[in-house]
**Student:** 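Please find one structure pasted underneath; my questions will follow.
Here is how names work: the chains are called A, B, and so on, in the same order as the sequence lines, proteins then strands, and each is numbered from 1.
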2 protein chains.
Amino acid sequence: MKRLIENIRNKLSEKGLKVTPQRISILEAIYSLNNHPTADNIIEFIRVSHPNIATGTVYKVLDTLVENKLIKKVKTDRDILRYDGIVDNHHHIYCSECDLIEDYKDEELDVLLKEYFNKKQFEGFKLEDIVVQIRGTFDKC
Amino acid sequence: MKRLIENIRNKLSEKGLKVTPQRISILEAIYSLNNHPTADNIIEFIRVSHPNIATGTVYKVLDTLVENKLIKKVKTDRDILRYDGIVDNHHHIYCSECDLIEDYKDEELDVLLKEYFNKKQFEGFKLEDIVVQIRGTFDKC
DNA sequence: TCCTTAATGAGAGTCATTCTCCTTTAGTGA
DNA sequence: TCACTAAAGGAGAATGACTCTCATTAAGGA
Ligand SMILES: [Mn+2]
Ligand SMILES: [Mn+2]
Ligand SMILES: [Zn+2]
Ligand SMILES: [Zn+2]
């Protein structure tokens, strides 16, 4: 807990960002809300301990965190943005029945993709990353 | 041209959907605008020949077409929805510099993925499809 | 401790999408 | 061919996620 916040402070400083209570609690919220929260999920979570934070501030901080690669945006086919506190490359399982997005990590898949894309020529294109979208339905849903 | 519209009429009828001029021109627009158009791109395209179509109608028709699997939504990390007239499974290259989304089709990749996911156990999950998001920057951008 | 400048708060503004409700029309069957 | 009916479309208001503006506050460096 103390350690989490210390860790967040360090991440912000390392990027040359001012360490503000708002930025700390937003990152804390993203790390605590496991499943790819929306701005609204984050605001709701934060308001408990930090009732006066402005929604505009939350959106601004989220943008800053994305720009500095402390968080990522998650691609969806809805018109509400979702965020991911895990910045290491990983894949996503999208539920067709609800808006659940689960992480999927597997070294074997990463190796497979790496080998495939190393072999392929992408003329005039600088490859940055590969994310696999796995879509389907969970029995529980 | 005539053939395209005849083809669209058939697709609609096959799904048990009423064949209306609005639905025809929206599908026509999606097929003509190659790169994963937004609702707004579609409206702009259609207004030339069909100036009175209501925006609400366009959104409603798009929903209907998605539900009936005549088109698909494309996942993005923006808050504007984009659509795809190609319903056969394929992958997407996202440009980091602009909002270009190119199709990527390669049989070898599909075989690779198919073999990998056949082998993996997904307990309590019914797999529907796999789409690879390739992100990077085009030199031209 | 003070200063500078970036960050935040409050609230108005924007705009993509949805909703409501009335009118029109596609498709069916006499 | 015609009339009927349910489904679809038009107009425009409503919604809500996100952005903007600008005055105030506070983080971090001197
Ligand atoms: Mn994730
Ligand atoms: Mn496509
Ligand atoms: Zn689900
Ligand atoms: Zn580009």
**Student:** Do side-chain atoms of R82(B) reach the backbone of N35(B) as a donor and acceptor pair under 3.5 angstrom?
**Tutor:**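 Here the side-chain-to-backbone pair exists.
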
**Student:** Per the side chain to side chain donor-acceptor pair (under 3.5 Å) rule, which among H90(B), K73(B), K72(B) passes with D84(B)?
**Tutor:** H90(B)

**Student:** Counting Watson-Crick and G-U wobble pairs whose two distances are both under 3.5 Å, find the runs of 3 or more in a row that involve DNA chain C.
**Tutor:**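 Stems found: C:1-30 with D:1-30.
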
**Student:** Do the side-chain N and O atoms of N10(A) and S13(A) include a donor-acceptor pair separated by under 3.5 angstrom?
**Tutor:**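 No, no side-chain donor-acceptor pair sits under 3.5 Å.
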
**Student:** Name the one of I26(B), I30(B), I24(B), V19(B) that satisfies side chain to side chain contact (heavy atoms under 4.5 Å, CB included) with I8(B)?
**Tutor:**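 Considering I26(B), I30(B), I24(B), V19(B), a side chain to side chain contact (heavy atoms under 4.5 Å, CB included) with I8(B) is found only for I24(B).
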
**Student:** Using a 3.5 Å distance criterion without hydrogens, assess whether the side chain of N68(B) forms a donor-acceptor pair with backbone atoms of L70(B).
**Tutor:**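 No.
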
**Student:** When you compare the side chains of D77(A) and Y94(A), does any donor N or O come within less than 3.5 Å of an acceptor on the partner?
**Tutor:** no

**Student:** I need the CD1-P distance between I8(A) and dA27(D), as an integer number of Å.
**Tutor:** 16 Å

**Student:** Could you pull out all residues at least two apart from E97(A) that satisfy salt bridge (charged side-chain N to carboxylate O under 4.0 Å, His left out)?
**Tutor:** none

**Student:** At under 4.0 Å between heavy atoms, which parts of nucleotides 7-23 of chain D does protein reach? Answer with one letter per nucleotide, 5' to 3': B base, S sugar-phosphate only, - none.
**Tutor:** BSSBB-----SBBB---

**Student:** How long is the line joining CD1 of I43(B) and P of dT18(C), in whole Å?
**Tutor:**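 After rounding, the reported distance stands at 12 Å.
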
**Student:** Please report the shortest heavy-atom distance between E102(A) and K140(A), naming the atom on each side.
**Tutor:** OE2-NZ, 3.6 Å

